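For reference, the structure is listed below as structure tokens.
We name chains A, B, ... by the order of the sequence lines, and we start the count at 1 in each one. Nothing here was measured: the structure is a model prediction, and the numbers come from that model.
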Number of protein chains: 2
Amino acid sequence: MELIQIYQCLCDPTRLRILHLLAQTPLCVCHFQEILDEPQVKISKHLAYLRERGMVVAEREQNWMIYSLPKKRDAELTANLKCLQDCVQADPVFKRDLRMLAKVSAKSDAPAGALVR
Amino acid sequence: MELIQIYQCLCDPTRLRILHLLAQTPLCVCHFQEILDEPQVKISKHLAYLRERGMVVAEREQNWMIYSLPKKRDAELTANLKCLQDCVQADPVFKRDLRMLAKVSAKSDAPAGALVR
DNA sequence: AGAGCATATACCCGCACAGGAATACGTCAA
DNA sequence: TTGACGTATTCCTGTGCGGGTATATGCTCT
């Protein structure tokens with residue numbers, strides 16, 4: 001019953017914010033640090049948690065690790081990510097994250113693989 | 001951020017099965033015991049967990065406690081319950097639960113408030 | 001080789017929760 | 001009132017996770 005794993009990934013606020021951002025674009029760890037305003041350890045550990053459960057994939061690009069949603073997603077993951085997007089529309093925290101993403105994206109001192117639009 | 005609470009409720013297999021069943025019909029604790037084949041304590045504690053977080057409501061009918069989904073559900077809960085239903089269609093455990101529900105329902109030694117169709 | 005950057009891991013603590021055993025509570029019937 | 005039944009709660013144990021500090025790893029440039 002791997003649906004459980006999906007819900008386990010979704011039941012932490014930081015991970016929710018991470019997944020919400022990844023639904024927009026691939027990002028590297030330092031982007032998350034800046035957008036979420038959380039310490040590096042915290043981000044990194046939540047990403048490891050998500051990676052171990054196949055919710056995100058990571059790819060190294062020089063110094064940076066680019067995280068993204070897996071290209072091949074099974075139905076459960078797809079459905080739940082969509083549901084998350086729907087639920088989150090009005091929430092100030094998530095809206096703020098999107099604004100911060102735009103700001104970071106504008107600076108564009110990013111590795112080539114991240115922040116693709 | 002109460003979305004989190006929803007996901008926290010969904011991240012246990014027993015609770016998933018309970019909610020899936022309640023999406024069909026109100027049920028009392030002894031029904032869950034029989035359908036899920038789990039001890040009374042376990043069922044009761046998971047129901048308490050769900051109740052504290054507003055995912056289910058309980059109503060006493062003589063000796064029995066009838067559990068059901070709240071009539072008034074906010075958008076997040078509705079969306080996620082629907083998503084759960086979709087994700088669960090093919091899963092053998094959940095399909096088996098539905099068959100057991102039908103069986104229990106057929107016996108119909110149930111309190112009037114539960115097993116309404 | 002060394003420094004500097006980006007990221008990951010190890011170790012620690014505290015807490016919440018899953019699960020079981022035993023017991024308490026609420027309701028009804030005799 | 002007593003007993004039976006359905007359900008809830010208390011107490012206990014083990015485990016997993018969130019968070020922080022410190023340190024390790026990997027890559028790049030000099």
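You'll find that the side chain of A/Val29 is closest to C/dT7, out of C/dT7, D/dA8, D/dC17. When each of C/dA8, C/dA10, C/dA18 is scored by its nearest atom to the side-chain atoms of A/Ser44, the top-ranked nucleotide is C/dA8. Residue A/Trp64 places its side chain closer to C/dT7 than to any other of D/dT7, C/dT7, C/dC17.
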Would you list the protein and nucleotides 27-30 of chain D atom pairs, both N or O, that sit under 3.5 Å from each other?
from: D/dC27; atom 1: O2; to: A/Asn63; atom 2: OD1; distance (Å): 3.2

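Scanning residues 33-43 of chain B for heavy-atom distances under 4.0 Å to DNA chain C yields B/Pro39, B/Val41, B/Lys42.
One atom, CD of B/Gln8, and another, C1' of D/dG16, lie 14 Å apart when rounded to the nearest Å. Atom CG in B/Leu47 sits about 16 Å away from atom P in D/dG6, given to the nearest Å. When the C1' atom of C/dC13 is taken as reference, atom NZ of A/Lys45 falls 11 Å away, rounded to whole Å. One can place CG of B/Asp12 at 14 Å from C1' of D/dT15, the figure rounded to the nearest angstrom. Regarding B/Leu10, its CG atom lies at a distance of 14 Å from the P atom of C/dC17, rounded to whole Å. Atom pair B/Leu27:CG and D/dT7:C1' shows a separation of 15 Å (rounding to whole Å applied). Counting to the nearest Å, the C1' atom of D/dC17 and the CD atom of A/Gln5 are 14 Å from each other. Rounded to an integer number of Å, the gap from B/Tyr49 OH to C/dG19 C1' is 15 Å.
Of the inter-residue distances, the one linking A/Leu10 atom CG with B/Ile4 atom CD1 reads 8.0 Å to the nearest 0.5 angstrom.
For the side chain to side chain donor-acceptor pair (under 3.5 Å) test, residues two or more places apart in sequence or in another chain that qualify with A/Glu34 are A/Lys107. Residues that satisfy the side-chain contact (heavy atoms from CB on, under 4.5 Å) test with A/Glu59, not counting sequence neighbours, are absent from this structure. Residues passing the side-chain contact (heavy atoms from CB on, under 4.5 Å) test with A/Pro39, sequence neighbours excluded: A/Lys42. Scanning for side chain to side chain donor-acceptor pair (under 3.5 Å) contacts around B/Lys82 gives B/Asp86, with sequence neighbours left out. Taking B/Arg51 as the reference, B/Ala48, B/Val56, B/Ala58, B/Tyr67 meet the side-chain contact (heavy atoms from CB on, under 4.5 Å) condition, with sequence neighbours excluded. In terms of the side-chain contact (heavy atoms from CB on, under 4.5 Å) criterion, A/Asn63 has no residue partners (sequence neighbours excluded).
Side-chain N/O atoms of A/Tyr67 include one lying less than 4.0 angstrom from OP1 or OP2 on C/dA8. Put simply, B/His46 has no side-chain N or O that comes within less than 4.0 Å of OP1 or OP2 on C/dC17. Regarding contacts with the backbone of D/dC17, every side-chain N or O of A/Arg15 stays at 4.0 angstrom or more from both OP1 and OP2.
Under a 3.5 Å cut-off, the side chain of B/Arg15 and the backbone N or O of B/Gln8 do form a donor-acceptor pair.
Residue pairs that meet the side chain to side chain donor-acceptor pair (under 3.5 Å) test with at least one member in residues 68-80 of chain A, sequence neighbours left out, do not exist here.
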